[in-house]
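We count ligands from 1, going down the list as the structure has it; atoms in each ligand are counted the same way. Numbering of residues begins at 1 and proceeds along the displayed sequence.
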Amino acid sequence: MAEHTSPHERHPEHPVTHHFQSVFGTEPEGVWAAPGRINLIGEHTDYNDGFVLPLAIPQHTSVAVRRRSDDLLRLHSRQADGPTVELRVADLAPGSVTGWAKYLAAVVWALREDGHLIGGADLHIDSDVPAGAGLSSSAALECAVATAYNDLNGLGLSRTELALVAQRAENEFVGVPCGVMDQMASMCCTADAALFLDTRDLGSRQVPLALDGLRLLVIDTRVKHDLADGAYAKLRAGCERAAEALGVLTLRDLPSSGLAEALDRLPAELRPLVRHVVTENARVEQAVALLSAGDPAGLGPILTAGHASLRDDYRVSCPETDLAAATAEAAGALGARMTGGGFGGSVIALVSEVMVGSVREAVLSAFARAGHRTPRTFVATASAGARRLA
Ligand code: ADP
Ligand code: MG
């Protein structure tokens, strides 16, 4: 399989190995990595048992690990200021760890909750996934650590089982009520494909991503509005209330054909939520059909409709993501939409290869004129999921 790892990455003298040595004074037993992701379409559907279509980006989080004979966890990240964090494995409990270290401690805790009595270790983290940019640096971190523990301790867990461990870690230990998309994407995506995932039964299919002359331009707006955490929980609760009112297990069970009638039966404040989830699930299925039929340009209008739905119905976009999407389209993108949970984060634009530069320039100029921070941009290629590097 053609994995997008450079020969440099597979070299035993991986840079993360050197950093581990300088922090801990010994050699790591190995280096593992897991990627961030973008989601092509299917936003806020994963906690409604719906469909998603993410792909892994080349940016990834690496972890170098050496097991210890005691129950000490020593954690160090190149992206975190400050000294090595030291924790006792036996003391780990939800709420007991604060700051970035909780994402790592969470995975150790979740594995132990599942009966894998793993002990202490020294871990060093390095990453080029921007944190808080809607590209899922948290899942990349969790999945890298889960994969490392699985290999080192011979736990024999499948990729899906590791994704569930990582999700449990984020839900119950970190305290973020996320769905399963980010962890499944980081664990299960493969190079050159998007992952069509049914979040109800975790059945998935790799959909080859043949974009021909098109590219996916990612625009990280570099804003994250404080609203995000509380709003997410409220939206989730709204979807659950709507499903209950409609007498279905989850909004996944509402077919597009029954949407109009279902909306009539709901209080006004729940209607836009239901309309988003039902139409978004349909957009994922349309996107898969278009890619399978060799029509990547057909994705453009789907991305644009998805953004309008997030902006007008689900109301999770913000001025910066709206500006990025609208400017990209005005400059010639075939379609654009916010990707990730919202209230900031990143926008993806489907752009013909020859126009990537001009669309990028148009977005940077519009952000400068509006007085926003300069966005970070890159072209995303569909990359490999979690793996051992050294
Ligand atoms: P996203 O997943 O969209 O990037 P989150 O808020 O879910 O945003 O997760 C970001 C958090 O994950 C950071 O604030 C930090 O605590 C943790 N994190 C991610 N990557 C790293 C890293 N390389 N080193 C330390 N902490 C990290
Ligand atoms: Mg996250």
With no hydrogens and no angle check, is any side-chain donor or acceptor of T279 less than 3.5 Å from a backbone partner on H276? yes
With a cut-off of 2.8 Å, strictly less than, protein N/O/S atoms near the Mg ion (ligand 2) add up to 1
Step by step, would you call Q206 with T190 a side-chain hydrogen bond (donor to acceptor under 3.5 Å, both in side chains)?
-> CA-CA 7 Å; Q206 305 291 343; T190 56; 2.9 Å; yes
Only one of Y47, Y314, F343 passes ring-ring contact (aromatic ring centres under 6.0 Å, His included) with Y232, and that residue is Y47
Applied to residues 174-188, the side chain to side chain donor-acceptor pair (under 3.5 Å) test, sequence neighbours excluded, yields R37-D182, S136-D182, E142-Q183, E170-Q183
Test salt bridge (charged side-chain N to carboxylate O under 4.0 Å, His left out), reference R252, set D198, D49, D46, output is D198
Besides F367, the hydrophobic cluster formed by Ile, Leu, Val, Met, Phe, Trp and Tyr side chains linked at under 4.5 Å, directly or via other members, contains L217, I219, L323, V347, V351, V354, M355, V356, V359, V363, V379
Check your understanding: When you check the gap from the basic side-chain N to the acidic O, do R241 and E244 get nearer than 4.0 Å?
Key -> no
Only residue of H225, R222, K224 satisfying side chain to side chain donor-acceptor pair (under 3.5 Å) with E320 is H225
Expected contact list for ligand 1 at under 4.0 angstrom, heavy-atom basis, is S77, Q79, W100, Y103, I125, S127, P130, A131, G132, A133, G134, L135, S136, S137, S138, L141, K224
Kindly indicate, with the supporting measurements, whether the criterion salt bridge (charged side-chain N to carboxylate O under 4.0 Å, His left out) is fulfilled by D312 and R275.
-> CA-CA 11 Å; D312 303 334; R275 189 161 49 220; over 6 Å; no
